[in-house]
Amino acid sequence: MYKRQGRRLTAPEIKSIVVDVIENRLSDVELASFVTALKIRGLSMDEVEAFTRAMVETGEVIAWEEERVFDKHSIGGVPGDKTTLLVVPILASAGLLIPKTSSRAITSPAGTADRVEVLCPVDLTIDEIREVVRETRGCMVWGGALELAPADDLFINVEYPLSIDPLLLPSIMSKKKAIGSTHVLIDIPMGTQAKVKTLEEAHALARDFIELGRRLNIHVECAVTYGEQPIGYAVGPALEAREALEALMGRGPIDLREKATNLAGVLLEMAGIEDGKAMATHLVEAGEAEGKLREIISAQGGDPEVMPEDIEIGEKCEVITSDQRGRVVAISNSAVAHIAREAGAPKDKGAGVLLKVKLGDEVSEGEPLFEIYAERGWKMEAAVSLAESLRPIRLSRRVEERMLIERFPKRFPPKEPFLLER
């Protein structure tokens, strides 16, 4: 009630609310109302800090013997972002400690935990995490199997159906504090197809993350990255795991390798290493990052000898081709993600979308734009139908060759007049 009226909440009040959430004292309606009020009224930095600390204090906390513990997190919104599968082994192969907990997908075609699970188990206990990190310097596990900031998962269950995220900062930073991170890099994808649309928005969000980190005694830096199209070509758990492995073997897409080595480079420089990008690139090209990934896979119970071609993808495949020639001028992140989910991802690990073109590519009529993979025929039919409706890849000729973008209404006027309800 207080937040609905616009009053700021005190730290004890916030702690009480978080405890009530964990102990299931609030109904779904009450929790939805509270989260909606947070979205409408906003949160001060003091409230953000209080929420973060309350989330940490009401769950398990992992402490490490080393002074510096590194982590990286993306705010999301761009499909195919499998960079964690490269960044963790790059840093671990450089000798840095990077225990990475990640989420499963909720509204996207693949979360980091879904991608990693294709290669090895991710539902490790805290003791198992300690053992893997002691052995390899890194891990990639599912945070939902742990009791790290458990209130966050309960808030998320309410936020996603409402398509709001007022607790973005506490959600991310409580998990980092609970896992014992001291140095964190926040990846902020920016673009018309991303959550953050402008550089000004990115700067404002970065300032908030850095300030919250300062209050929590965590060194936070932010990287604003290109978010106008999917990262790499693969979207979907198995397709992305295969592409990440190929990238560490020197065969992956340029944009994926470029983003991963840049992010890893920033983290290496946060550790005091000069020219981190060059070192990250060297660790990939020398095969050391690939070797470290295989160590982590083995330590977590997977097959360290796995090759990209060993990773099973959906048996059913449909190729979507272009009906005109032109240059790729737009790729809808949301549409690509929607099609991949319709095909069965992330539940069906082998389902997803494999792009055949990226922004700027020249395309001929009849040339493949993307492939859809599915494990079940009826899901493939639904995904193909959706792809034909959404048309996620837009082509254009020179400006003067195509001036009419769309006609609306497309064919016939509506039979009934449109009435705006009041």
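Everything numeric here is computed off the predicted structure, so don't read it as measured data.
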Reported NZ-to-CD1 distance for the pair Lys292 and Ile98, which is rounded to 0.5 angstrom = 12.0 Å
How about Pro392 and Ile339: do any of their side-chain heavy atoms sit closer than 4.5 Å?
-> yes
side-chain contact (heavy atoms from CB on, under 4.5 Å), paired with Val87, selected from Thr84, Leu91, Ile90 = Leu91
Could you check if a side-chain atom of Ile126 sits within less than 4.5 angstrom of a side-chain atom of Glu147, using non-hydrogen atoms only?
-> no
Within the side chain of Arg257, is there an N or O that forms a donor-acceptor pair under 3.5 Å with the backbone of Gly252?
-> yes
Which pair of non-hydrogen atoms, one from Met55 and one from Thr58, has the smallest distance, and what is that distance?
-> O-OG1, 3.3 Å
Could you tell me whether Arg391 atom CZ has more than 12 heavy atoms of other residues or ligands within 6.0 Å of it?
-> no
Can you tell me if Ser33 uses its side chain to pair, donor with acceptor, with the backbone of Val29 under 3.5 Å?
-> no
CG on Asp152 to OG on Ser171, rounded to 0.5 Å | 3.0 Å
Kindly give the heavy-atom pair with the smallest separation between Lys15 and Ala54, and that separation in Å.
-> CD-CB, 3.8 Å
Passes side chain to side chain contact (heavy atoms under 4.5 Å, CB included), Thr225 versus Leu263? Steps please.
-> CA-CA 9 Å; Thr225 58; Leu263 294 179; 4.2 Å; yes
Stepwise side chain to side chain contact (heavy atoms under 4.5 Å, CB included) check, Val220 with Leu212 | CA-CA 9 Å; Val220 175; Leu212 180 57; over 6 Å; no
How many angstroms lie between CZ in Phe209 and NZ in Lys176, if you round to the nearest 0.5 Å?
-> 9.5 Å
Glu128/Val141 under side chain to side chain contact (heavy atoms under 4.5 Å, CB included): CA gap, chis, key distance, verdict = CA-CA 10 Å; Glu128 288 170 335; Val141 301; over 6 Å; no
In terms of ring plane angle, is the pair Phe34 and Phe51 parallel, tilted or perpendicular, where the classes change at 30° and 60°?
-> tilted
Please step through salt bridge (charged side-chain N to carboxylate O under 4.0 Å, His left out) for the pair Glu66 and Arg137, ending with a clear verdict.
-> CA-CA 11 Å; Glu66 301 189 22; Arg137 307 290 295 171; 2.4 Å; yes
Whether Ser74 side chain and Gly76 backbone form a donor-acceptor pair below 3.5 Å = yes
Do you know which two heavy atoms are closest between Pro170 and Thr52, and how far apart they sit?
-> CA-OG1, 3.3 Å
State, with a plain yes or no, whether a side-chain heavy atom of Ile393 is found less than 4.5 Å away from one of Ile320.
-> no
Look at the side chain of Asp20 and the backbone N and O of Leu26, then say whether any donor-acceptor pair between them is shorter than 3.5 Å.
-> no
Listed partners of His203 passing ring pair (Phe, Tyr, Trp, His ring centres under 6.0 Å), at least two apart | none
Mind checking whether Glu288 and His282 have side chains closer than 4.5 Å, heavy atoms only?
-> yes
Before accepting this row, confirm whether a basic side-chain N of the pair Lys259/Asp187 lies closer than 4.0 Å to the acidic partner's carboxylate O.
-> yes
Residues Arg294 and Glu290 bridged, charged N to O under 4.0 Å | yes
Less than 3.5 Å apart, which donor and acceptor atoms pair up between the side chains of residues 303-310 and the rest of the protein, not counting sequence neighbours?
| residue | atom | partner | partner atom | Å |
| --- | --- | --- | --- | --- |
| Asp303 | OD1 | Glu305 | N | 2.9 |
| Asp310 | OD2 | Met307 | N | 2.9 |

Closest heavy-atom pair and its distance - Pro150, Ile22 = CG-CD1, 4.1 Å
Is there a salt bridge (charged side-chain N to carboxylate O under 4.0 Å, His left out) between Arg53 and Glu49 once you walk through the steps?
-> CA-CA 6 Å; Arg53 292 189 182 279; Glu49 179 187 359; 3.0 Å; yes
Would you say the side chain of Met190 lies within less than 4.5 Å of the side chain of Leu199, judging by non-hydrogen atoms?
-> yes
May I have the step-by-step check of side chain to side chain contact (heavy atoms under 4.5 Å, CB included) for Asp114 and Trp142, ending in yes or no?
-> CA-CA 9 Å; Asp114 300 307; Trp142 175 43; over 6 Å; no
Please check if the side chain of Glu159 supplies one atom and the backbone of Val35 the other of a donor-acceptor pair under 3.5 Å.
-> no
Tell me, please, whether Trp64 has Arg134 positioned over its six-membered ring: NZ or CZ under 6.0 Å from the ring centre and within 45 degrees of its axis?
-> no
Please output the side-chain donor-acceptor pairs of residues 343-360 that fall under 3.5 Å, not counting sequence neighbours, one pair per line with the distance.
| residue | atom | partner | partner atom | Å |
| --- | --- | --- | --- | --- |
| Asp348 | OD1 | Arg376 | NH1 | 2.8 |
| Asp348 | OD2 | Arg376 | NH1 | 2.9 |
| Asp348 | OD2 | Lys379 | NZ | 3.0 |
| Lys349 | NZ | Glu117 | OE1 | 3.2 |
| Lys358 | NZ | Pro230 | O | 3.3 |
| Lys358 | NZ | Gly232 | O | 2.8 |
| Lys358 | NZ | Asp255 | OD2 | 2.7 |

How long is the gap from OG on Ser332 to CD on Gln193, to the nearest 0.5 Å?
-> 5.0 Å
Under a 4.0 Å N-O cut-off, is there an ion pair linking Lys277 with Glu258?
-> yes
Non-hydrogen atoms of Ala241 and Leu85 that approach each other most closely = CA-CD2, 4.3 Å
Spacing of Leu97 atom CG and Asp71 atom CG [to the nearest 0.5 Å] = 10.5 Å
Side chains of Lys100 and Thr112: do they bring a donor and an acceptor to under 3.5 Å?
-> no
Is the shortest heavy-atom distance from the side chain of Leu205 to the side chain of Ile75 under 4.5 Å?
-> yes
Indicate whether the side chain of Tyr226 and that of Glu228 have a donor and an acceptor atom separated by less than 3.5 Å.
-> no
Considering non-hydrogen atoms only, spot the tightest contact between Val132 and Cys139 and give its length.
-> CG1-CB, 3.9 Å
Any donor-acceptor pair under 3.5 Å from Arg115 side chain to Ala110 backbone | yes
Got more than 12 heavy atoms from elsewhere within 6.0 Å of CG, Asp323?
-> yes
Can you check whether Glu367's main-chain N or O pairs, donor with acceptor, with Ser364's side chain at less than 3.5 Å?
-> no
From Gln324 CD over to Leu395 CG, what is the distance, rounded to the nearest 0.5 angstrom?
-> 5.0 Å
Indicate yes or no for a side-chain donor-acceptor contact from Glu221 to the backbone of Leu185 under 3.5 Å, with no hydrogens or angles considered.
-> no
Taking only Lys NZ, Arg NE, NH1 and NH2, and the carboxylate oxygens of Asp or Glu, determine whether Lys175 and Asp153 approach each other closer than 4.0 Å.
-> yes
Give a yes or no answer on whether the side chain of Glu295 reaches the backbone of Thr136 with a donor-acceptor pair at less than 3.5 Å.
-> no
Taking side chain as C-beta onward, heavy atoms only, is Leu386 less than 4.5 Å from Arg341?
-> no
Is any side-chain heavy atom of Ile331 less than 4.5 Å from a side-chain heavy atom of Val336?
-> yes
Should the heavy atoms of other residues, nucleotides or ligands under 6.0 Å from CD of Glu312 be counted, would the total exceed 12?
-> no
